[in-house]
Each structure stands twice: as C-alpha cells, then as structure tokens.
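The first residue in the sequence is number 1, and the count goes up from there.
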Amino acid sequence: MNKRTANSPDLVRKRSGTKAFEYHIDCLPEQTREIIKQRHYKFLIAQSPGQLVDESVKRSTVIKSRDELAIMRQCPALLERKVQALNDQQKQIADARMMLAQEVVRLQQAGITRIAAVTFIVDEVKGRHIARGPAALRHAG
C-alpha cells in the first residue's frame, strides 16, 4: 500500500489514537473496490431509513405534475385531501414507490448514479437478496 500512496500523501492518513494508517479506497485494485462498494450498498439498503431524504424539486423543466407537487409541499391541507382520495391499494403502491425513491437517494448520497442505484436494487430483488414488497427494503439482509 505504501508504494501506491508514495506520490499521493492525500490517499493515506494516520488513524487517530492508534499506530494504524487508513488508506483511500482508490489505493485498492478495481475488483476489490467494487466488492467493497457492493457490500457498502447492501449495508445501506439493509439499514432502516433513519431520516427522510430531502430532495428539492428541480425546476429545469416545467411540468404540470411537478408544479402541483411543489404546491402540495407548501399547502399540507391540499396534500391531505389528495392522500385521503386514494384507496388502500393506491396508498400501498405510493408507499412502495416512496421507499424505493428514498433508497435510491441514499445510494446516490453514497456515491453512485441514480441509474446505478436503481439497477443495484433491481438486481438485488431479482437475485432474491431482498424480498419484494413495500417493507422489503427496510428489512433487507
């Protein structure tokens, strides 16, 4: 590891309180990095979401549904009326979609693209590493 970091001191640091050193993930071989990233993403999905993810509505393209969403965020009574108009199946579908969206955002915050995050979750479901259903992402293992 020292050979890989000799010209880049920013890739290594002394671990506080010990004699050990910590190395940046870029010091590892590509295959090892991918394995570590996959384990990290599985860990993130296995965790129950601790807090809601705040993603602002981007206004780059004007779409009626996005404008409506922004209005509902500003007016909770309107949002409540819309939610009450949904039947139980529609609410379950909405909950599942929201959970998926939150997991995608959490994976994005971990450093992967949106498409890679969605692909990762789909592959995990297909491989039966996580169960299907709205609560499956919360209780993945």
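- Crowding of Arg33 atom CZ: a count of heavy atoms from other residues, nucleotides or ligands under 6.0 Å exceeding 12.
- Under a cut-off of 6.0 angstrom, the local environment of CD in Gln31 is sparse, with at most 12 non-hydrogen atoms contributed by other residues, nucleotides or ligands.
- Here the NE2-CD1 distance, from His40 to Ile36, works out to 11.0 Å after rounding to the nearest 0.5 Å.
- Residues Tyr41 and Glu124 have side chains not in contact (no heavy-atom distance under 4.5 Å, counting atoms from C-beta outward).
- Distance check: Arg13 CZ to Glu22 CD gives 4.5 Å after rounding to the nearest 0.5 Å.
- Across Leu107, Val104, Val125, a single residue satisfies side-chain contact (heavy atoms from CB on, under 4.5 Å) together with Phe120, and that is Leu107.
- Remark: the backbone N or O of Asn87 is paired with a side-chain donor or acceptor of Gln90 at under 3.5 angstrom.
- For the side-chain contact (heavy atoms from CB on, under 4.5 Å) test with Ile115, the passing option among Ile112, Val118, Thr119 is Thr119; the others fail.
- Side-chain atoms of Glu103 and Ile121, non-hydrogen and from C-beta on, do get closer than 4.5 Å to each other.
- Listed here is the closest heavy atom pair of Lys19 and Lys14: CA-NZ, 3.3 Å.
- Although no hydrogens or angles enter the test, the distance criterion places no donor-acceptor pair under 3.5 Å between the side chain of Thr32 and the main chain of Leu28.
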